[in-house]
Amino acid sequence: MEDIIRVNKKEESSERGNKVMPKLPLNKKAGKILVVLVLVALAVLAGWLYKQNRDLKANPTAAQQDKNKAETARVLDKLKEDILIQETESPTVARVEDPEKLKSSNAEFYKNVQKGDYLIIYPKRAMIYREANRQIINIAPIINTSELKTNGTQPADTKTPTNTTNKTTK
């Protein structure tokens, strides 16, 4: 009786093996193709990274300028969503790295400035923008001292913005 059971088990296992498992040569071909594709992808990635590194070493200022242009465009796009800007000239955009230095030059305008804020200067106004909160911290007109001299009024000492508004939020 044990012989009968053993024979039946052998027949069942051979039937299952043929139905479930595909042929072995097909698996080897698929594995080789997959390995070749991965190697080609890695070679392309390595070549691209090498070219990027070589270009960066050859001209580091161009890479920094491209990064700065992208950051400026991003900040101005967000700002334009929060406030209507009709200025046609492109502004000067600077990220605040040392707020205390700015506060010492014009305490009233820079009183709420923090590290990471952006100072955006158009020809007729300056503003402080906090991108993280999408807040306009302060806006002030720019006084051109050459215009004051031609009008016969007393010129200001500097061309720094003066405070006209307090903190506004969206």
Side-chain angles (χ1 to χ4, degrees), residues 30-31 33-170:
I33 291 172
L34 183 63
V35 167
V36 167
L37 288 175
V38 168
L39 289 175
V40 168
L42 287 173
V44 169
L45 178 65
W48 181 77
L49 288 173
Y50 174 76
K51 182 184 178 310
Q52 292 292 323
N53 187 31
R54 187 184 58 186
D55 292 346
L56 182 62
K57 285 182 180 179
N59 196 356
T61 56
Q64 186 63 39
Q65 288 173 348
D66 290 343
K67 182 181 173 185
N68 290 345
K69 284 179 185 177
E71 181 179 15
T72 297
R74 184 192 75 236
V75 169
L76 289 176
D77 287 344
K78 284 187 178 181
L79 178 67
K80 288 177 182 177
E81 290 176 9
D82 296 334
I83 187 173
L84 177 64
I85 296 178
Q86 296 177 342
E87 307 270 346
T88 56
E89 295 182 33
S90 57
T92 301
V93 178
R95 185 177 46 243
V96 176
E97 295 297 326
D98 188 2
E100 296 307 316
K101 194 173 191 179
L102 290 174
K103 288 177 185 177
S104 67
S105 69
N106 188 340
E108 187 62 29
F109 181 71
Y110 296 113
K111 69 180 176 183
N112 294 319
V113 73
Q114 295 177 358
K115 183 176 181 177
D117 288 351
Y118 290 91
L119 178 61
I120 302 166
I121 302 174
Y122 284 96
K124 297 200 181 232
R125 65 179 164 174
M127 58 185 78
I128 300 171
Y129 181 68
R130 187 165 298 146
E131 183 184 21
N133 301 344
R134 295 185 69 151
Q135 279 184 321
I136 299 167
I137 305 304
N138 207 345
I139 299 176
I142 303 246
I143 300 169
N144 191 346
T145 56
S146 64
E147 289 177 6
L148 290 175
K149 288 179 184 177
T150 59
N151 293 338
T153 59
Q154 183 67 22
D157 288 339
T158 62
K159 192 181 173 184
T160 57
T162 57
N163 187 18
T164 59
T165 61
N166 283 332
K167 181 165 82 171
T168 57
T169 60
K170 181 178 177 187

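For reference, positions follow the sequence shown, starting with 1.
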> Taking all atoms of both residues into account, what is the closest heavy-atom pair of K115 and P99, and its distance?
Replying inline: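 Smallest interatomic distance, heavy atoms only, reads N-CG, 3.6 Å.
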
> What closest approach, in Å, do Y129 and L79 show between heavy atoms, and which atom pair accounts for it?
Replying inline: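 It is CD1-CD1, 3.4 Å.
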
Would you mind reporting whether [Y] and [X] have side-chain heavy atoms less than 4.5 Å apart?
X    : Y    : result
E97  : R95  : yes
Y118 : I128 : no
L102 : D98  : no
V93  : L76  : yes
I85  : I83  : yes
W48  : N53  : no

> Passes side chain to side chain contact (heavy atoms under 4.5 Å, CB included), I139 versus F109? Steps please.
Replying inline: CA-CA 8 Å; I139 299 176; F109 181 71; 5.9 Å; no

> Are side-chain N/O atoms of Y110 and N138 paired as donor and acceptor at under 3.5 Å?
Replying inline: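 Per modelled atom types, Y110 and N138 side chains form no pair under 3.5 Å.
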
Any salt bridge between [X] and [Y], counting N to O under 4.0 Å?
X    : Y    : result
R134 : E131 : no
K78  : E81  : no
E71  : K69  : no

>> Let me confirm one number: the CD1-CE distance from I142 to M127, rounded to the nearest 0.5 Å.
In response: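 So the gap between those two atoms works out to 9.5 Å.
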
>> Measuring from atom CG of L49 to atom CZ of R54, what distance do you get when rounded to the nearest 0.5 angstrom?
In response: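 Atom-to-atom, L49:CG and R54:CZ are 12.5 Å apart.
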
> D117 side chain to Q114 main-chain N or O, any donor-acceptor pair under 3.5 Å?
Replying inline: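 Here the side-chain-to-backbone pair exists.
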
>> Using only atom types and a distance under 3.5 Å, with no angle test, would you say the side chain of N112 pairs donor to acceptor with the backbone of I137?
In response: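 Absent.
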
>> One pair to check against side chain to side chain contact (heavy atoms under 4.5 Å, CB included): N106 and E108. What are the steps and the verdict?
In response: CA-CA 6 Å; N106 188 340; E108 187 62 29; 4.1 Å; yes

> So among T61, N68, D66, which one has a side chain to side chain donor-acceptor pair (under 3.5 Å) with Q64?
Replying inline: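 The residue from T61, N68, D66 that satisfies side chain to side chain donor-acceptor pair (under 3.5 Å) with Q64 turns out to be N68.
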
